[in-house]
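Worksheet: one structure, shown below.
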Amino acid sequence: MQMIIANRLIDGRVVFLDDSGGWVNEIADGSLLVSQQDAAEQLNAAQRAVEENEVVDPYLIDVAADGGRRRPVLVRERIRAFGPSVGLVPQGLGGN
Amino acid sequence: MYRYDEFDHKLVAERARQFRRQVKRRLSGELTEDQFKPLRLMNGLYMQLHAYMLRVNVPYGSLSSRQLRKFAHIARTYDRDFGHFTTRQNIQFNWIKLEEVPDILEELAEVEVTAIQSSGNCVRNITSDHYAGRARDELADPRVYCELLRQYTILNPEFSYLPRKFKIALTGSPRDRAAVALHDIGLRMHRNEAGEIGFEVLVGGGQGRTPFIAHTIREWLAPEHLLSYVESILRVYNMYGRRDNMHKARIKIIVNQMGIDRYRELVEADWEQIRDSVLKVPQAEVDRINAYFAPPEYECLADIPDELNDVRARIPEFDQWMAANVAEHRIPGYSIVNLSLKAPGMPPGDMTADTMDAVADLADRYSLDEIRVNHRQNLSFVDVRQRDLFTLWKELKLHDLATPNIQSVSDIICCPGLDYCNLANSRSIPVAQDLSRHFVDVDHLALVGDFTINISGCMNACGHHHVGNVGILGVNKRGKEFFQLTLGGSSDENAALGDRLGRALPQDEVPAAVETIVDTYLAMRLDGERFLDTYRRVGIEPFKQAVYSPVQTRAVA
Ligand code: HEM
Ligand code: SF4
């Protein structure tokens with residue numbers, strides 16, 4: 001399975017393309033792409049969002065099922081989806 | 001401390017307004033990302049894994065408490081309550097929103113801080129010895145010359161589209177705390193035979209994927225020629241720099257390809273034309289800038305070794321801190337205090353907004369309002385009265401800033417790595433956290449002594465792994481994170497690049513490997529030897545054996 005990931009232009013936050021062509025913050029709400037054709041079409045939609053200055057740098061990532069949840073295959077994309085592995089305020093800094 | 005003059009104020013305010021208009025045009029779609037990217041990079045704004053990242057300069061590392069409070073405010077208002085101090089005397093904010101950047105730049109301008117030229121192919125933030133103006137071994141304060149160079153290179157069109165980024169560092173001490181030999185240009189003050197102070201000029205040092213120690217291009221340069229000589233170096237670079245290949249575009253590549261002698265010939269020929277031009281620095285200008293760096297009004301005090309020794313004898317923990325974190329000041333009765341941002345488990349260089357505020361308050365009370373950011377990702381108070389040391393130590397302990405580990409195994413330099421950085425192969429911060437939790441026994445740290453560990457998450461080497469006594473480089477092997485160790489690197493006046501120890505290790509084997517290296521050194525060192533001395537004497541073999549074939553080593557021992 002694949003998904004489309006990007007950064008939102010206005011605040012840079014990581015977002016995923018959803019089924020209705022919108023962009024969402026949570027990986028769980030994004031669109032799961034199961035065929036090559038799906039992926040190609042959605043990438044086109046993402047490219048339009050770039051032209052409309054909604055997002056920058058969209059691309060496809062591989063996602064696997066993990067106990068009913070979605071989990072990007074690459075460490076890099078897991079970190080993008082779930083935040084730094086050291087915590088949003090790094091562990092040790094006394095944040096939440 | 002340096003204060004802006006009227007030109008700086010105007011320029012910085014205009015720059016912030018200009019960027020506001022550029023952001024507006026980007027958000028409205030008038031500018032595409034390709035058009036906007038170079039503009040944002042000129043203002044220190046990157047796109048990282050999670051958001052925009054803003055890199056803000058701390059010129060020559062000098063910071064007032066008011067400026068540090070502003071960083072705390074930025075972290076709290078526009079970010080996630082923390083910032084990251086880098087090895088280049090910058091601070092990075094990791095969770096910045098594009099639409100808010102113009103406000104941030106205006107807020108920073110209020111306290112005379114900018115992000116101008118903190119990225120892009122221009123002359124970057126000029127760095128210096130963090131003890132500048134205070135060190136006992138210093139010939140003269142190098143910051144006046146940093147400032148001259150800054151004023152000359154900032155927004156200078158000739159240096160705004162260089163083949164690649166350009167980094168300059170200066171030191172006024174024979175003991176090099178600014179890693180000048182690892183910069184595009186390094187300037188090291190020393191006296192000529194007539195006893196006059198000038199600069200040894202080094203060129204072509206750098207790290208990244210092809211590291212080089214800089215070559216000396218001129219043994220001694222009179223300070224009045226500083227600008228013209230730097231200009232000639234940059235001109236030759238502008239002419240010959242490889243704009244066709246980003247990986248070969250740094251000056252180090254050109255210098256090492258054509259050879260330092262040829263590079264010198266070209267520079268000297270160019271310099272002959274301009275050395276006595278308007279670029280000759282009048283002494284009056286040096287004096288004018290020097291006045292901005294005028295030392296604070298010190299009280300007339302004496303050193304108090306006996307009193308301090310009494311307390312040190314009673315309180316071993318204070319004694320350990322004095323030995324590791326406190327340095328000599330050139331004024332009697334004063335000391336330099338290093339604040340360790342490397343308590344066990346801390347991500348190196350990170351600091352919360354609350355801690356920044358607390359440090360600013362302590363600087364007001366105990367350091368004549370001055371804080372230095374140092375290239376080891378720690379902070380320093382450079383004007384502490386010796387009679388305040390004990391009280392200050394207790395205050396610092398409350399904020400976990402008094403770990404007695406400066407320049408020791410757990411004082412690790414580390415880049416943001418794959419937890420934040422777009423270019424990373426591996427996570428560097430967790431390795432640093434593991435190591436600092438592993439080496440917590442402060443008696444052991446003291447026993448081991450000087451020992452630097454540097455970690456980078458990829459070969460760009462932002463964590464200076466090439467020059468760590470132990471360097472740790474994150475690599476990616478078939479999608480998995482591994483770490484390649486190097487030994488024997490050093491960034492001081494005898495700079496050296498580390499040698500590869502052997503095959504890369506998985507993360508969970510790194511602490512044990514470093515411990516083995518430390519133990520091997522302890523077993524072999526002669527009286528008074530630092531790790532580096534032992535390493536240079538015995539070479540890499542014993543360490544290789546110990547890490548990769550432990551059984552054999554034991555049989556030999
Ligand atoms: C997170 C965003 C960052 C990016 C995208 C980045 C990018 C790079 C790149 C591409 C290089 C290699 C330059 C070359 O070889 O020509 C480099 C070098 C370097 N960076 Fe970074 N860096 C980042 C963060 C940092 C941080 C946090 C520090 C300090 C802790 C830092 C300090 C340095 C230093 C000291 C060098 C090596 C000196 C040199 O040869 O230029 N950078 N960086
Ligand atoms: S060394 Fe690599 S991973 Fe670390 S900050 Fe630099 S570019 Fe990023």
- Item | Donor-acceptor contact below 3.5 Å, side chain Asp79(B) vs main chain Trp95(B) | yes
- Item | Part of Glu99(B) within contact of chain A (heavy atom distance under 4.5 Å) | both
- Pick from Asp81(B), Ile96(B), Thr355(B) with the largest number of heavy-atom pairs that fall under 4.5 Å of chain A: Ile96(B)
- Return the orientation label for the His50(B) and Tyr420(B) ring planes: parallel under 30°, perpendicular over 60°, tilted otherwise. perpendicular
- Starting at CG of Leu54(B), measure out to CG of Asn43(B) and round the result to the nearest 0.5 Å. 8.5 Å
- Sorted by chain and residue number, the side chain to side chain donor-acceptor pair (under 3.5 Å) partners of Asp354(B) (sequence neighbours excluded) come out as Arg76(B)
- Message: Taking side chain as everything from C-beta outward and backbone as N, CA, C, O, which of these in Glu100(B) sits under 4.5 Å from a heavy atom of chain A? Side chain, backbone, both or neither.
- Response: neither
- Where Ile412(B) and Lys342(B) come nearest, the two heavy atoms and their spacing: O-NZ, 3.0 Å
- Under 3.5 Å donor-acceptor, Ser408(B) side chain and Leu445(B) backbone: no
- Message: Could you check whether Lys24(B) pairs with Glu30(B) (Lys NZ or Arg NE/NH1/NH2 to Asp/Glu carboxylate O, under 4.0 Å)?
- Response: no
- Item | Members of residues 69-84 of chain A whose heavy atoms come closer than 4.5 Å to chain B | Val75(A), Arg76(A), Ile79(A), Arg80(A), Gly83(A), Pro84(A)
- OG1 (Thr32(B)) and CZ (Arg25(B)) are apart, to the nearest 0.5 Å, by 11.0 Å
- Query: Does the Ser456(B) side chain pair with the main chain of Gly463(B), one donor and one acceptor, at a distance under 3.5 Å?
  - Reply: yes
- Side chain from CB out, backbone as N, CA, C, O: work out which of these in Arg80(B) comes under 4.5 Å of a heavy atom of chain A, or both, or neither. both
- Decide, yes or no, whether a salt bridge links Glu54(A) with Arg48(A) under the criterion of side-chain N to carboxylate O below 4.0 Å. no
Which donor-acceptor pairs under 3.5 Å do side chains of residues 40-47 of chain A form with protein atoms, sequence neighbours excluded?
from     : atom 1 : to       : atom 2 : distance (Å)
Glu41(A) : OE2    : Gln37(A) : NE2    : 3.1
Gln42(A) : NE2    : Ser31(A) : OG     : 3.3

- Message: Can you confirm whether the side chains of Ser340(B) and Asn405(B) place a donor and an acceptor under 3.5 Å from each other?
- Response: yes
- Relative to chain B, which segment of Val56(A) carries a heavy atom at a distance below 4.5 Å: side chain, backbone, both, or neither? side chain
- Message: Give the interface residues of residues 3-29 of chain A toward chain B, defined by a heavy-atom separation under 4.5 Å.
- Response: Asn7(A), Arg8(A), Leu9(A), Ile10(A), Asp11(A), Gly12(A), Arg13(A), Val14(A)
